[in-house]
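Notes for the one structure printed next.
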Amino acid sequence: MTPSLSTASATADTFTLGPLQNGPACCIPTPILSIENLSLHYGDKPALAEVSLDIYRGCITALIGPSGCGKTSFLSALNRLSDLIPGCRVGGRIRFGDADIHDPAIDLQGLRRKIGMIFQKPNPFPLSIRRNLEMPLREHGVDRQDELDEKIRQALTDVGLWDEVHDRLDAPALGLSGGQQQRLCIARAIVLEPEVLLMDEPCSALDPLSSAVVEALIQRLRGRYTVVIVTHNLAQARRIANYAAFFWMREKVGKLVEFGRCQQLFDMPRDDLTAAYIAGISG
Amino acid sequence: MISSPNNISSRWPADQRLAVSLGLAAALVAAILGLVVAFLSKESWPLLRDIELTRFLTDDGWHPTEQSYGMMPMLTATLAASFGALLLAAPLGLASALFCRFYAPPALARSYRRMLGLLAGIPSVVFGFWGLTVLVPLIARWEPPGASLLAAVLILALMVLPTVALTSDTALGAVPANWLHGAAALGLSRRGMLFGVAIPAARRGIFAGILLAAARALGETMAVLMVAGNVVQSPSSLFDPVRTMTANIALEMAYATGDHRASLFVTGLLLTALVLLLVLGTLRNTGEHGHA
Amino acid sequence: MRELIGKPAPDGPDLALTIAIWGGAALVAGSFLALLGDLLWHGAARVSWDFLVMAPEHAGKTGGIGPILASTVAILAVALLAALPLGLATAIWLSNFTRGGSLLARQVNLSLDVLAGVPSIVFGLFGNAFFSVVLGMGFSIAAGGLTLACMILPIFIRSVESGLSAVPDEWRRGAAALGLSQAAALRHILLPAAAPAISAGMMLGIGRALAETAALIFTSGYVDRMPESLLDSGRALAVHIYDLSMNVTGGDQAAYASALVLIVLLLAINSVAQTLTGRFLARRISQP
Ligand SMILES: Nc1ncnc2c1ncn2[C@@H]1O[C@H](COP(=O)(O)OP(=O)(O)OP(=O)(O)O)[C@@H](O)[C@H]1O
Ligand SMILES: [Mg+2]
């Protein structure tokens, strides 16, 4: 475990995410997910090929690239949500810690608990705010009411929703605003104490103000969680990410063109395509 | 290369058990059709084994206790009643659908649709009873005895009309509005728009509705039994009393034994085969299996 | 869409068409109202509390329909008890556990499509041969109810299936991404969201079962006494109407009254189904 993570747990009882906002210490590059030669097909149609990269523990990795180059597909391969799509086949190797996520013996539910996911469109369940968090906890074996209440309070505080909703926890979650719904979804993911959070354009369905709130929240998640975030907002990627991966379509197949530290990728891209894309003249 | 398995049920043991038990239930449902066909065949077998299939069509008259199994008059009656009913129900049903979509003000269209739904839900025995007490005496005043092919045709038409109307209504509703706008922009008359654009675009759905109605008419028992007079004969006029195959089963099943009973199951098999053709035709026609 | 058609052009054929269509609609509505009015007119005089609870006398000419209502409810209960769990399980399996591509899924779909079209008298033959004779239930409420269960399965399963498939995929993905089991997703999210469709399907099934006559004549039989067990024969309301009008001279009054009772029951069920379906649709539309 990295020093930053122990710092996180040490302060978790007081106010969780505060001290970690601005430390480069979180970015000691220990891979938590290693992707080797990943390929992904929808039926006969390849969507991704030859993708190899490491996701580093405690860091924020941004995935950028034009529409349709396979970023969402890549994310859904990481928690095997691609299993849900008929005809979707994944090849290559993905290691999560010591385990191969395609190992037939793996506990898939356990894997998905450890690798949480946030979708582009907020998708709270049609339940009350409280039940949205309580139900997954109970399903994962948390039974004691005081423990449940405490975890729910903690998660809502972490995403900055507690003050806004603590007096209406039993109101329908679908009655919240879009930004609140998205933060609730983040709370729903982190209440299960995952190690990795996959975020697919989490701000793109939100207005600029809510978007800024969610962005600040993601910043605060650094260190405590490993975050992989897809974004079309290059400025946002630059603001929040430690690492960046640039995907591009070659012969109608998504490929990883460049992966590196965020600053390096934006300021000194090694690949001409990357340079062109970042300069906004690609097309 | 490792491929992730393409199934949604996961390795959660509870989920696997769930998938297996739900699959068993589904298999049971799939087996029902098999059971129906198997039992109809089993009960028909004693007769089918002994006599030529063609005898059901060529035997002179229906005297099953004397080994004469001519179904031709009843088959004719069934087909005549169903065909006559469709001849009335198809245009009226289509008119009803056009009325809902293009003519009635929205509120009226809603109530009219609601009424069609209710009409579709009225039990066949109530149609039969109403036909027996109201329609048959009316026809008898005109041309006795009243209980006749005509009565069967009228009652069946009323019964299957909602099927045609509601299916066509849905099909017409699915015609893209801009096609109609386009037709309007061309200055087509209302008639030209309906017959040139709307109905051709919805023809598959309308046809499917007519096929479904045909299946319903062929299989209808009670209403026909109560108004058609039940004399086994090939009708020579609309006012002749007739007996359909379904009515025959209902009338004779109560006392039939041995080969006679078997002959009724043969009738049932024949009806099922007819309906099966229509259903498969509908599925083929709409090109959807809907659930694939 | 009415406005799309524009004002009728003042030429002859268009006017004739308008008249034909309004005329056709009026004819259909007229027949419906005539039927309903006739039942109401003749039936209302006889329907009373006594009629609903008393036993039939003189083959049903006088007395009431108490035991017949009891048998009807019993047959319905057997049918629902058999069809609901089986149908729910099959619908869930079809919509969540198979991709329609498997052999069994195709078999199930074919079976449902064909069963939906099989004439009810054929179900009667099957029920008689299978439940009454082979399984030894004789003419009984159990045999009739099970036969009806086979009949209403397709309509119920299709209803539930459409309800489940209308549940937004985001919720399925959301549940899977949280590591919830299929069972948990079904229990907490999918089934509650599909509840209106499930109830609507159930109502449709009840309506179909209540209206059925031909499938019951040779399975649950004619006996109009109060049934004492599920293995007793029991006469359903629809069978009662048939018997009164065909086999009992002078039974018309009682038949009218019974028909009215049946229609009122069906109308009530139909409106509940409509409301549920409407609510279901409204909910689908109001979702963000
Ligand atoms: N369920 C699916 N079935 C078939 N093809 C799919 C499916 N999902 C995505 N694809 C195809 O795979 C390719 C990659 O899609 P993906 O959604 O991963 O792109 P993306 O980079 O996330 O795009 P965007 O930035 O627009 O979200 C696209 O060509 C898309 O058409
Ligand atoms: Mg995407």
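Chain naming here is simple, since letters A, B, ... match the order of the sequence lines and numbering starts at 1 in each.
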message: Counting only non-hydrogen atoms closer than 4.5 Å, does B/Leu161 touch chain C with its backbone (N, CA, C, O), its side chain (CB onward), both, or neither?
response: side chain
message: Would you compute the distance between atom CD1 of C/Ile21 and atom CG of B/Leu98 and round it to the nearest 0.5 angstrom?
response: 4.5 Å
- line: Counting heavy-atom pairs under 4.5 Å with chain C, the top scorer among B/Leu218, B/Leu271, B/Thr133 is B/Thr133
message: Please check: side-chain N/O of B/Thr272 versus main-chain N/O of C/Val122, any donor-acceptor pairing under 3.5 Å?
response: no
- prompt: Which bit of B/Tyr112 is near chain C, if near means a heavy-atom gap under 4.5 Å: side chain, backbone, both or neither?
  reply: side chain
- request: Kindly compute the distance separating CZ (B/Arg261) from CG (C/Asn128), expressed to the nearest 0.5 Å.
  value: 5.0 Å
message: Which atoms of B/Val126 are under 4.5 Å from chain C, going by heavy atoms: the side chain, the backbone, both sets, or neither?
response: side chain
Under 4.5 Å from a heavy atom of chain C, the part of B/Met222 involved: side chain
task: Considering non-hydrogen atoms only, spot the tightest contact between B/Gly23 and C/Leu104 and give its length.
output: O-CD2, 3.9 Å
field: Side chain / backbone / both / neither for C/Asp38 at chain B, heavy atoms under 4.5 Å
entry: side chain
- prompt: Are C/Pro119 and B/Glu220 close enough that some pair of their side-chain heavy atoms sits under 4.5 Å apart?
  reply: no
Note, B/Met115 side chain near C/Val28 side chain (heavy atom, < 4.5 Å): yes
query: Is chain C contacted by the side chain of B/Leu135, its backbone, both, or neither, given a heavy-atom distance below 4.5 Å?
result: neither
message: I'd like to verify something: which residue of B/Gly93, B/Ala25, B/Cys100, B/Ala215 has the highest number of heavy-atom pairs under 4.5 Å with chain C?
response: B/Ala25
- prompt: Between C/Leu262 and chain B, which part of the residue has a heavy atom less than 4.5 Å away: side chain, backbone, both or neither?
  reply: side chain
field: Pair B/Phe129 + C/Tyr256: ring centers closer than 6.0 Å
entry: yes
query: Who wins among C/Ala259, C/Ala183, C/Ala116 for the most heavy-atom pairs under 4.5 Å with chain B?
result: C/Ala183
Part of B/Val29 lying under 4.5 Å from any heavy atom of chain C: both
query: Do B/Val20 and C/Trp93 have side chains that get closer than 4.5 Å, going by heavy atoms?
result: no
Contacting region of C/Leu186 [heavy-atom separation from chain B under 4.5 Å]: side chain
- request: Please look at B/Thr246 and chain C and tell me whether the side chain, the backbone, both or neither of the residue comes under 4.5 angstrom of a heavy atom of that chain.
  value: both
task: Could you grab the distance from atom CG of B/Leu118 to atom OG of C/Ser271, nearest 0.5 Å is fine?
output: 8.0 Å
statement: Turns out that what part of C/Leu125 lies under 4.5 Å from chain B's heavy atoms comes down to both
query: Do B/Arg114 and C/Asn270 come close enough that some side-chain heavy atom pair is under 4.5 Å?
result: yes
Closest non-hydrogen atom pair, B/Ala19 against C/Phe97: CB-CD2, 3.5 Å
query: Side chain, backbone, both or neither: which part of C/Leu266 has a heavy atom under 4.5 Å from chain B?
result: side chain
- prompt: Between C/Phe130 and chain B, which part of the residue has a heavy atom less than 4.5 Å away: side chain, backbone, both or neither?
  reply: both
field: Option in C/Gly207, C/Ser120, C/Ala29 with maximal non-hydrogen atom pairs under 4.5 Å from chain B
entry: C/Ala29
- line: Cut-off 4.5 Å, heavy atoms of chain B, and the answer for C/Leu210 is neither
statement: Interface check, chain C: of B/Ile249, B/Leu276, B/Leu92, B/Leu94, most non-hydrogen pairs under 4.5 Å belong to B/Ile249
query: Out of B/Pro123, B/Gly117, B/Gly219, which one racks up the most heavy-atom pairs below 4.5 Å with chain C?
result: B/Pro123
- line: Of B/Leu35, B/Leu278, B/Val37, B/Leu212, the largest count of non-hydrogen pairs under 4.5 angstrom with chain C goes to B/Leu35
B/Leu40 versus chain C, the contacting section by heavy-atom distance below 4.5 Å: side chain
message: So, taking the atom named CD in B/Gln16 and the one named CD in C/Gln182, what distance separates them when rounded to the nearest 0.5 Å?
response: 12.0 Å
field: Interatomic spacing from CG in B/Leu158 to CZ in C/Phe32 - rounded to 0.5 Å
entry: 9.5 Å
- line: Correct closest heavy-atom pair for C/Gly117 and B/Val275 would be O-CG1, 2.9 Å
statement: Scored by heavy-atom pairs under 4.5 Å with chain B, the best of C/Ile92, C/Ile217, C/Ile263 is C/Ile263
message: Please classify the contact of C/Ser258 with chain B as side chain, backbone, both or neither, using a heavy-atom distance under 4.5 Å.
response: neither
message: For the interface with chain B, which of C/Val134, C/Leu33, C/Leu36, C/Val133 has the highest count of heavy-atom pairs at distances below 4.5 Å?
response: C/Val134
- prompt: Any idea which of C/Ala129, C/Ala238, C/Cys150 has the most non-hydrogen atom pairs under 4.5 angstrom with chain B?
  reply: C/Ala129
message: Are the side chains of C/Gln107 and B/Leu33 in contact, using a 4.5 Å heavy-atom criterion?
response: no
statement: Whatever's closer than 4.5 Å to a heavy atom in chain B on C/Leu35 counts as both
task: Using non-hydrogen atoms and a 4.5 Å limit, figure out which bit of C/Leu112 sits close to chain B: side chain, backbone, both or neither.
output: side chain
task: Could you have a look at C/Ala25, C/Ser165, C/Ala255, C/Gly23 and say which one has the most heavy-atom pairs with chain B under 4.5 angstrom?
output: C/Ala25
statement: Turns out that what part of C/Val239 lies under 4.5 Å from chain B's heavy atoms comes down to neither
field: Proximal component of C/Ile157, with respect to chain B [non-hydrogen, under 4.5 Å]
entry: side chain
message: Rounded at 0.5 Å granularity, tell me how far CG in B/Leu280 sits from CG in C/Asp113.
response: 8.5 Å
query: Checking heavy atoms, do the side chain of C/Ala34, its backbone, both or neither come under 4.5 Å from chain B?
result: both
- request: Determine the option with the most heavy-atom pairs under 4.5 angstrom with chain C, choosing from B/Ile122, B/Leu264, B/Leu24.
  value: B/Ile122
message: Taking side chain as everything from C-beta outward and backbone as N, CA, C, O, which of these in C/Leu39 sits under 4.5 Å from a heavy atom of chain B? Side chain, backbone, both or neither.
response: side chain
